[in-house]
Amino acid sequence: MTIWYGGDYNPEQWPREVWDDDVRLMDAAGVSLATVGVFSWARLEPRPGEYDFAWLDEVLDLLHAGGVRVDLATATASPPPWLAVRHPETLPVTEDGVRLSVGSRQQYCPSSPVYREHAAELVRRLVERYADHPALELWHVNNEYGCHVSRCYCDVSAVAFRAWLRAKYGSVDELNRVWGTAFWSQRYDSFDEVTPPRAAPSFRNPTQLLDFDRFSSDELLDCYRAEVAIIRERSTVPITTNFMGFFKPVDYWKWAAEVDIVSDDTYPDPVDPDSPAYAAMVRDLMRSLGGGKPWLLMEQAPSAVNWRRRNAPKAPGQMRAWSYQAVGRGADGILFFQWRQSAAGSEKFHSGLVPHAGTDTRVWREVEQLGRELAALSDAVAGSRVPSDVAITLDWDSWWAVEQPASPTDVPYLGILFAWHRALTSLGLTVDFVRADADLSRYQLVVVPAHLAASDAAVQNLASYAETGTLVVGFGTAVTDENLRVRLGGYLGEPLRRALGVWIEEFAPPAGPDLRATGIADAPSLALAGEVVGGDAAGHVWGEYLRVEDAATLATFAAGDLAGWPAVTRRSTGGGSGWYVATLPDPAAHRRLAESIVADAGIALPDPVATGERVEAVRRGTALFVINHGADHAELLADGVDLLSGSPAKGLRLPPQGVAVVVESTTTD
Amino acid sequence: MTIWYGGDYNPEQWPREVWDDDVRLMDAAGVSLATVGVFSWARLEPRPGEYDFAWLDEVLDLLHAGGVRVDLATATASPPPWLAVRHPETLPVTEDGVRLSVGSRQQYCPSSPVYREHAAELVRRLVERYADHPALELWHVNNEYGCHVSRCYCDVSAVAFRAWLRAKYGSVDELNRVWGTAFWSQRYDSFDEVTPPRAAPSFRNPTQLLDFDRFSSDELLDCYRAEVAIIRERSTVPITTNFMGFFKPVDYWKWAAEVDIVSDDTYPDPVDPDSPAYAAMVRDLMRSLGGGKPWLLMEQAPSAVNWRRRNAPKAPGQMRAWSYQAVGRGADGILFFQWRQSAAGSEKFHSGLVPHAGTDTRVWREVEQLGRELAALSDAVAGSRVPSDVAITLDWDSWWAVEQPASPTDVPYLGILFAWHRALTSLGLTVDFVRADADLSRYQLVVVPAHLAASDAAVQNLASYAETGTLVVGFGTAVTDENLRVRLGGYLGEPLRRALGVWIEEFAPPAGPDLRATGIADAPSLALAGEVVGGDAAGHVWGEYLRVEDAATLATFAAGDLAGWPAVTRRSTGGGSGWYVATLPDPAAHRRLAESIVADAGIALPDPVATGERVEAVRRGTALFVINHGADHAELLADGVDLLSGSPAKGLRLPPQGVAVVVESTTTD
Amino acid sequence: MTIWYGGDYNPEQWPREVWDDDVRLMDAAGVSLATVGVFSWARLEPRPGEYDFAWLDEVLDLLHAGGVRVDLATATASPPPWLAVRHPETLPVTEDGVRLSVGSRQQYCPSSPVYREHAAELVRRLVERYADHPALELWHVNNEYGCHVSRCYCDVSAVAFRAWLRAKYGSVDELNRVWGTAFWSQRYDSFDEVTPPRAAPSFRNPTQLLDFDRFSSDELLDCYRAEVAIIRERSTVPITTNFMGFFKPVDYWKWAAEVDIVSDDTYPDPVDPDSPAYAAMVRDLMRSLGGGKPWLLMEQAPSAVNWRRRNAPKAPGQMRAWSYQAVGRGADGILFFQWRQSAAGSEKFHSGLVPHAGTDTRVWREVEQLGRELAALSDAVAGSRVPSDVAITLDWDSWWAVEQPASPTDVPYLGILFAWHRALTSLGLTVDFVRADADLSRYQLVVVPAHLAASDAAVQNLASYAETGTLVVGFGTAVTDENLRVRLGGYLGEPLRRALGVWIEEFAPPAGPDLRATGIADAPSLALAGEVVGGDAAGHVWGEYLRVEDAATLATFAAGDLAGWPAVTRRSTGGGSGWYVATLPDPAAHRRLAESIVADAGIALPDPVATGERVEAVRRGTALFVINHGADHAELLADGVDLLSGSPAKGLRLPPQGVAVVVESTTTD
């Protein structure tokens with residue numbers, strides 16, 4: 001077991017003489033894994049059916065000789081221009097009917113049989129040639145599925161969408177019933193009349209939109225599956241494809257079941273003070289997608305990226321600190337995009353492990369330092385697990401649904417998850433993500449934010465969980481079934497209504513005048529009152545007329561038309577409890593509310609591990625990772641030894657971006 | 001005579017068993033009129049030429065048995081998907097050339113002969129079947145003409161546009177002359193070269209744009225006329241189509257002449273403090289369109305809508321208060337969209353009379369209360385008229401023209417009308433809207449704001465009116481003729497120049513640096529001085545170098561390059577007077593100016609009817625409607641009896657959203 | 001030699017009887033030059049191949065009889081609608097694939113052979129007919145090339161782009177190498193696969209974008225050249241085409257070599273306090289493009305324009321003041337758009353020399369005054385030169401490149417040039433613009449801002465210049481070669497690195513969190529310290545880790561991660577010096593820095609010529625032009641006589657917008 005170190009290696013951008021230097025520098029930096037071939041299709045197959053593997057043979061042999069293992073990409077993420085020239089129908093089309101062009105990357109319709117056949121043939125050749133190469137450690141299928149083109153509205157996609165709908169609904173009558181096409185005269189007389197949700201005069205059918213989201217995620221997954229099937233005919237080496245954190249277009253729960261190891265690309269904004277907390281949430285998702293198994297940080301930037309409007313470099317030490325955050329939250333690999341900073345093309349201003357300016361640079365010195373450290377840490381950490389008693393449900397269907405237009409209000413799904421995650425982790429807890437229909441019994445506390453599109457199974461599962469655990473249901477949950485048909489009679493569905501002892505009379509989100517002339521709408525809040533939220537509390541995003549049948553009201557709305565109406569309720573079930581939260585409390589109130597809920601769940605809060613406002617702590621296996629994201633020094637309070645410095649932990653001073661990995665035993669290997 | 005009560009009823013969204021419950025609840029709520037069939041085309045004609053009326057027969061019979069009258073829609077507002085599949089050329093096209101798709105509603109080109117033929121055949125069948133149905137009270141042609149598609153730029157529309165132009169201009173030489181195509185080398189050699197104003201490299205010809213606006217309004221009106229003609233072959237039942245307040249795309253003056261009763265859909269923003277004043281203006285327009293006859297509030301929301309970014313419910317009592325505003329301003333019907341809140345589709349989060357949560361809800365209780373009250377009020381109010389001595393001119397041509405690009409400045413036409421309407425109604429006056437070329441003799445005061453595109457007839461009519469009445473001409477008026485050819489020599493046209501005693505040397509709108517980098521431009525104002533505008537007055541939107549020949553200067557611009565130049569002038573004509581206002585005064589100055597003008601017109605201001613800042617009062621027939629839109633209680637000062645409470649009016653305390661309907665007699669029926 | 005006075009004359013917009021009045025008024029105003037025929041194609045060739053010159057014959061004869069010389073346009077800027085009807089492929093296409101329509105102007109693809117043939121034939125006829133007309137003074141080819149359509153993405157353009165690329169690169173392998181297509185799998189197997197940079201899934205190839213910018217500028221230049229060739233077959237009269245100031249789409253360095261006299265259209269915002277400084281920069285560019293020769297202000301507005309959101313008129317005197325700015329900075333002609341304000345069409349609200357309101361107007365009186373004054377001034381000024389010791393480099397390639405997406409940060413190229421120009425002119429200096437690869441030896445100081453795409457020749461030229469002159473290199477310079485391949489090893493290129501004694505380790509632009517939800521990103525700054533920038537100094541836009549090898553550090557960054565790193569350095573070369581500036585100082589710091597640099601260059605600052613904050617002074621020939629752009633009176637300090645008033649200069653009080661033209665001698669003709 002090891003903590004992998006390395007990154008994307010694109011030697012085809014460089015003259016042959018640079019390759020030797022690459023391998024030499026990789027050795028100096030402790031690089032153990034290189035991802036090769038991600039953007040090589042046009043080089044591997046310069047024209048249809050003509051393949052050139054000689055250069056790749058040489059690259060793999062060189063790496064092998066240098067002791068670097070290879071994560072070999074299938075190279076299907078970006079087709080060569082010749083595919084578009086010969087088959088223009090493979091180019092994707094936007095909802096406005098614009099057919100996208102070559103000249104950047106990923107210009108393919110995921111449903112295109114022509115694209116799929118050409119991709120399959122390429123994979124077949126690659127697998128045939130390299131399945132037994134001694135450097136091969138991992139297969140890297142395609143790359144960042146859906147990153148730039150996740151929805152295609154072309155006629156080829158329309159045919160595939162109809163087939164998907166036919167398989168789901170069986171009959172067009174059933175589709176009409178579920179989609180509610182009786183309204184607005186949308187009734188389809190046959191599947192052949194259905195289209196992707198292209199630009200239309202007004203709001204498009206919500207279930208059509210949701211099914212198109214599901215279909216689009218599934219089409220990409222089919223692409224992935226097809227490549228996996230080809231690889232598996234010849235190779236037993238593990239397979240991955242790189243995820244992109246909380247990436248809305250693709251339902252990673254469905255995907256995670258089909259990768260051998262979860263891997264992730266994340267590029268937090270270096271100057272955003274929320275980045276460490278947000279990135280922590282991303283790491284927790286990656287661990288959760290793999291069921292708790294170690295995962296790989298497949299891509300991060302050594303320093304600046306180049307796709308924001310203004311791109312600051314990472315601060316000194318920040319790359320190292322954030323790398324340790326990933327390891328602390330379960331990563332067994334720290335990899336980067338990309339090895340050598342490009343001299344041309346669209347990412348030449350994206351940082352590389354080897355910068356434009358060379359190795360007499362801060363970036364390179366930090367690269368070398370981290371490589372050394374991770375190698376030394378591998379035995380103590382690699383393979384170990386990150387324990388958690390708390391989970392938040394995550395549901396792509398609800399994400400897609402709750403952010404549709406023609407909704408009660410703007411609901412930033414991810415923002416709400418983030419608010420809950422931060423409120424809980426700020427108490428020192430580690431949080432998992434789960435599906436609402438999964439086995440929840442190993443958690444003492446489960447939070448369900450904005451799970452709008454809830455199946456009967458999910459409703460029943462959550463209601464049952466409340467019998468023994470502490471269930472917290474947030475607003476916007478189980479408003480509809482999984483196909484967006486409203487749960488009449490007060491929302492929530494009967495089992496949840498019973499479990500929580502409440503029902504909802506009417507939604508009442510805060511709203512200000514809609515200033516259409518300027519396109520600006522302010523976002524007012526609602527005052528809250530109650531010990532569980534503390535003083536001066538306010539609720540954001542949502543409010544509603546909540547009717548209590550069998551629960552205690554722990555906080556109320558405190559002003560306006562909602563004054564006196566319940567905002568937080570709790571029903572004791574004997575063995576567990578069911579909380580309902582009808583708004584998004586402001587951060588201070590949210591943290592205070594989380595404390596009450598955690599206490600109710602019988603979870604003991606860990607002792608503080610360090611002084612300082614912005615110190616992150618997470619336990620993995622026997623090690624406690626402590627990271628100082630603040631601008632001031634922090635002082636460790638925990639006992640034990642810091643594996644990085646070898647010093648006693650207690651009293652150790654961590655500078656900004658400083659890290660300690662504390663174990664109680666002094667044995668580090 | 002009755003005040004109708006009810007709303008859109010879409011039973012095809014619900015299982016048959018719900019229908020009986022509907023009729024039972026309608027009875028409980030006092031529903032007297034239901035609009036049926038608005039979105040039923042796909043259900044009535046599931047495939048081309050196959051009709052299914054059985055379900056509609058049953059619905060109408062059920063309603064009839066329940067004592068509910070029917071407003072029967074022609075169902076042509078939203079064609080079924082099969083029309084687009086078989087005739088893709090019926091789909092509308094944007095100015096960028098995007099052909100819109102099925103999946104929402106209203107996806108038809110108004111000029112399409114294919115659409116028109118299919119619609120006509122459907123109407124023929126409906127009329128044939130239901131002309132003699134005993135429940136039939138009203139025909140409801142199509143629905144919200146132009147709501148989502150009011151302009152189509154397709155080739156079919158181009159052919160129709162050319163025919164319209166040929167009919168207007170006779171020869172292409174005349175078109176060239178009027179459009180001014182000698183500039184920018186736009187000369188057309190034949191009508192066949194003319195296109196709709198599609199996306200072009202720079203500003204499009206202004207008169208082409210204006211004619212396309214007129215053409216587009218007329219094309220929709222032709223659709224309406226075609227349906228009316230079919231109905232009239234078999235039925236004498238009154239016909240309406242629902243308007244949408246101040247709806248820019250369609251010239252309702254032309255339409256109003258062709259409906260038997262004006263009806264309106266209005267959805268004021270519940271959280272905008274300007275909504276009551278704005279809605280009052282809309283009600284006044286509807287009354288004016290019908291020449292003072294009672295009209296129908298065809299659609300309003302029982303509580304929240306779902307198409308704003310954030311959608312608050314109506315406050316308790318707000319729906320009732322705003323309903324009485326409509327009745328007070330001439331409505332003989334209070335109807336809603338829609339009866340039962342949808343369980344699916346694009347409007348499921350739009351409130352209904354029967355909410356998702358059922359009848360144990362505030363919304364339902366208010367629905368029942370209002371039904372009872374209106375029934376009791378019908379005899380005293382229905383059919384009576386709303387008197388007014390003051391009118392504001394409204395002109396769709398000028399609205400379209402003044403908001404074109406390549407103009408002197410941003411002129412928000414509706415905002416200027418609103419400013420005048422509010423200044424006058426805040427004094428307790430009731431205001432009509434009129435055409436500038438109408439008989440104005442029954443008004444003591446006529447205000448003409450931004451009537452940019454004034455025909456010779458309008459100029460002459462206004463000038464003549466000033467001989468006997470008080471005429472107030474606002475900036476931007478009669479700058480051009482009705483086809484946007486500039487009135488040279490000082491603007492206004494000779495008769496108006498003489499009547500007002502002024503001419504305009506040059507426009508000088510307030511402007512700040514145009515911050516192109518951010519897309520933000522500030523909107524500075526101009527200081528004003530003069531007793532008629534009070535102290536600390538400022539002018540917005542407009543300023544100009546105004547030359548006085550024969551008028552008194554009552555206010556001047558007070559700073560900057562315009563300092564000392566006239567801002568408000570008045571010329572006495574002996575029998576009347578002609579005011580000119582060269583800017584948009586701030587609200588306080590505007591109210592003060594309005595007081596001077598009203599006094600000049602010899603109009604006595606009514607006594608205050610209640611204490612309180614935001615109390616609306618309007619007289620209809622013998623009743624005085626008093627509505628408290630403020631946040632505090634108001635106390636009635638008027639004598640008489642409140643028909644709603646049966647109490648003496650004087651001293652009655654109205655809570656927020658409270659209403660009184662005061663008559664001097666104590667007889668309430 | 002004379003200072004021309006006049007403007008665009010479009011008599012085809014007016015009835016014949018107006019023409020006589022025009023000539024009479026032109027005489028009254030001192031008009032000496034009229035530009036005729038700019039938008040006349042549709043009138044000259046009403047249908048394909050049928051020409052009508054009779055009206056133009058009459059116009060030219062009338063002008064000639066009135067003593068007005070003619071700048072005759074080739075009329076090819078706006079094709080008639082019949083061209084688009086018969087050849088729709090001549091219509092331009094946007095990057096999203098929208099084919100633009102007729103109805104405005106300039107609707108042609110610059111690469112279209114059909115357009116070019118029709119244009120050529122029209123020019124041939126015009127030249128044949130008017131080459132020997134006695135009124136002819138100047139040929140005016142086309143109009144504002146590229147103003148509305150500078151980039152066309154249609155298939156015809158694609159063919160032309162491929163030919164351009166083939167000519168540049170010779171082989172597709174070379175194109176692949178230079179463009180870096182090895183990245184993102186963009187390799188082209190033949191030129192036939194390359195397209196214009198149409199809408200694509202992600203960032204398009206940077207060198208493809210840059211080459212398309214060059215190609216597009218060149219295509220327009222080819223259009224120009226084709227017309228010139230036809231004219232030159234028959235006529236030796238000088239030829240121009242009107243530029244548009246700092247117009248990004250077209251590389252005027254390439255164009256300037258091919259016009260006989262530079263002419264410019266500029267419309268500064270009358271209410272922007274930066275306009276005088278910005279316009280000064282534009283005038284300096286025009287002079288520089290012509291190598292110092294007099295140029296023509298071909299178009300300015302007499303008062304308001306009509307294409308901003310809000311269009312203020314010019315203040316009294318402002319048109320005159322700004323006209324003198326142009327003359328002072330080298331113009332030998334003051335011309336306007338347009339003679340008579342249009343009564344119809346898209347520019348009817350753009351001011352004219354003869355306003356809508358006629359001649360009893362401030363505008364007309366100012367027109368007459370300026371005409372008189374310029375005639376009197378001609379002998380003293382016309383033909384003389386404007387001396388300068390300071391130059392700023394300007395490079396369209398870098399402008400295009402530095403503002404591409406996927407860059408380190410937002411770099412407003414023009415804003416940076418403006419900051420340098422203003423810092424230097426605020427010291428009383430006159431500034432030229434130069435190419436970085438030009439002979440720089442006549443300047444004592446050369447500033448090189450953001451010259452990103454620097455060829456080896458430019459790098460070498462600048463480095464050599466530093467041996468004898470004072471070279472100031474700004475951040476973002478020589479980051480890449482002229483085809484955007486990065487200069488590895490610390491940027492700048494070896495000769496410049498040596499000349500400046502610095503290299504760059506990593507870019508570190510100031511950045512704040514990227515607030516994606518709102519689309520707003522703040523633009524933080526970096527504190528600076530050092531005597532050359534003064535106290536409380538801040539740097540904007542850029543920062544970087546600058547490594548000093550052989551230079552003095554004169555200012556440093558003063559806070560954050562960059563604290564202590566160099567911000568301004570200077571290396572003495574013995575005969576000259578090389579400064580490097582790693583940020584954009586705030587205006588006060590920039591001026592202070594400029595003072596140090598100017599002193600280092602041995603340039604003596606001129607004595608102040610007047611009191612007052614916003615007084616502009618520029619020397620042309622023997623005359624000193626002094627213009628008061630401030631809101632208060634200024635008092636002249638210079639000796640001599642004011643040619644405008646005939647008064648002694650010293651002590652003369654200039655009101656706001658006041659002008660003096662001071663010569664030491666009292667002889668004014």
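Naming: A, B, ... by sequence-line order, numbering from 1 per chain.
Residue B/Glu299 comes nearest to B/Glu144 through the heavy atom pair OE1-OE2, 3.4 Å, listed as atom of the first residue, atom of the second, then distance.
Aromatic ring centres of A/Tyr545 and A/Trp565: separated by under 6.0 Å. A centroid separation of less than 6.0 Å is found between the aromatic rings of B/His350 and B/Tyr267. Ring to ring, B/Tyr145 and B/Phe247 are not that close: their centroids are 6.0 angstrom or more apart.
Within the 4.5 angstrom heavy-atom criterion, only side-chain atoms of A/Glu506, from C-beta onward, approach chain B. Both the backbone and the side chain of A/Phe507 come within contact range of chain B, judged by heavy atoms closer than 4.5 Å. Proximity to chain B (any heavy atom under 4.5 Å) is restricted, for A/Trp179, to the backbone atoms N, CA, C and O. Looking at A/Pro408, both its backbone and its side chain come within 4.5 Å of chain B, counting heavy atoms on both sides. With a 4.5 angstrom heavy-atom cutoff, B/Pro46 touches chain A via backbone and side-chain atoms both. Looking at B/Glu50, neither its backbone nor its side chain comes within 4.5 Å of chain A, counting heavy atoms on both sides. For B/Pro79, the part lying under 4.5 angstrom from a heavy atom of chain A is the backbone only. At a 4.5 Å heavy-atom cutoff, A/Leu209 makes no contact with chain B through either its backbone or its side chain. Both the backbone and the side chain of A/Pro509 come within less than 4.5 Å of a heavy atom in chain B. With a 4.5 angstrom heavy-atom cutoff, B/Asn143 does not touch chain A via any of its atoms. Proximity to chain B (any heavy atom under 4.5 Å) is shown, for A/Val411, by neither the backbone nor the side chain. In this structure, chain B has a heavy atom under 4.5 Å from the side chain of A/Thr195, while its backbone stays farther away.
For the set A/Pro206, A/Gly560, A/Pro197, A/Gly490, the entry with the most heavy-atom pairs within less than 4.5 Å of chain B is A/Pro206. Chosen from A/Glu95, A/Arg547, A/Glu505, A/Gln208, the residue pairing most often with chain B at heavy-atom distances under 4.5 Å is A/Glu505. In terms of heavy-atom pairs under 4.5 angstrom with chain A, the leader among B/Ala315, B/Ala631, B/Ser275, B/Ser40 is B/Ala315. With chain A as the partner, the residue from B/Gly358, B/Gly103, B/Ala344 showing the most heavy-atom pairs under 4.5 Å is B/Gly103. The most heavy-atom pairs under 4.5 Å with chain B, out of A/Thr480, A/Asn205, A/Asp189, come from A/Asp189. Taking A/Ser190, A/Ser185, A/Ala182 one by one and counting their heavy-atom pairs under 4.5 Å with chain B, the maximum is reached by A/Ser185. Ranked by heavy-atom pairs under 4.5 Å with chain B, the list A/Arg485, A/Gln404, A/Gln186 is led by A/Gln186. Note: B/Asn311 leads B/Leu91, B/Val305, B/Asn311 in heavy-atom pairs under 4.5 Å with chain A. Between chain B and the residues A/Asp561, A/Leu562, A/Val194, the most heavy-atom pairs under 4.5 angstrom are made by A/Asp561. Your options are B/His148, B/Arg105, B/Arg99, and the one with the most heavy-atom pairs under 4.5 Å with chain A is B/Arg105. Ranked by heavy-atom pairs under 4.5 Å with chain A, the first of B/Trp41, B/Phe39, B/Trp82 is B/Phe39. Across B/Val363, B/Thr361, B/Val85, the residue that shares the most heavy-atom pairs under 4.5 angstrom with chain A is B/Thr361.
A donor-acceptor pair is defined here as one N or O able to donate and one able to accept, closer than 3.5 Å; such a pair exists between the side chain of B/His140 and the backbone of B/Asn142. Between the B/Trp19 side chain and the B/Val59 main chain, no donor and acceptor come within less than 3.5 Å of each other.
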B/His87 and B/His118: CA distance, side-chain angles, deciding distance, side chain to side chain contact (heavy atoms under 4.5 Å, CB included) verdict: CA-CA 11 Å; B/His87 305 282; B/His118 280 83; 4.0 Å; yes
Stepwise side chain to side chain contact (heavy atoms under 4.5 Å, CB included) check, A/Glu482 with A/Arg214: CA-CA 12 Å; A/Glu482 72 274 26; A/Arg214 289 165 168 147; 4.1 Å; yes
Stepwise side chain to side chain contact (heavy atoms under 4.5 Å, CB included) check, B/Leu126 with B/Leu56: CA-CA 10 Å; B/Leu126 276 165; B/Leu56 187 54; 4.0 Å; yes
Working for salt bridge (Lys or Arg N to Asp or Glu O under 4.0 Å), residues A/Asp96 and A/Arg198: CA-CA 7 Å; A/Asp96 281 337; A/Arg198 294 168 178 155; over 6 Å; no
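Taking a cutoff of 4.0 Å between a charged side-chain nitrogen and a carboxylate oxygen, A/Glu174 and A/Arg177 qualify as a salt bridge. A salt bridge does not link A/Asp192 with A/Arg162: none of the charged nitrogens is closer than 4.0 Å to a carboxylate oxygen.
Aromatic ring pairs are classed by plane angle as parallel below 30°, tilted from 30° to 60° and perpendicular above 60°; the pair A/Phe215 and A/Phe161 is tilted.
For B/Gln13 and B/Ser342, the side-chain atoms include at least one donor-acceptor pair closer than 3.5 Å.
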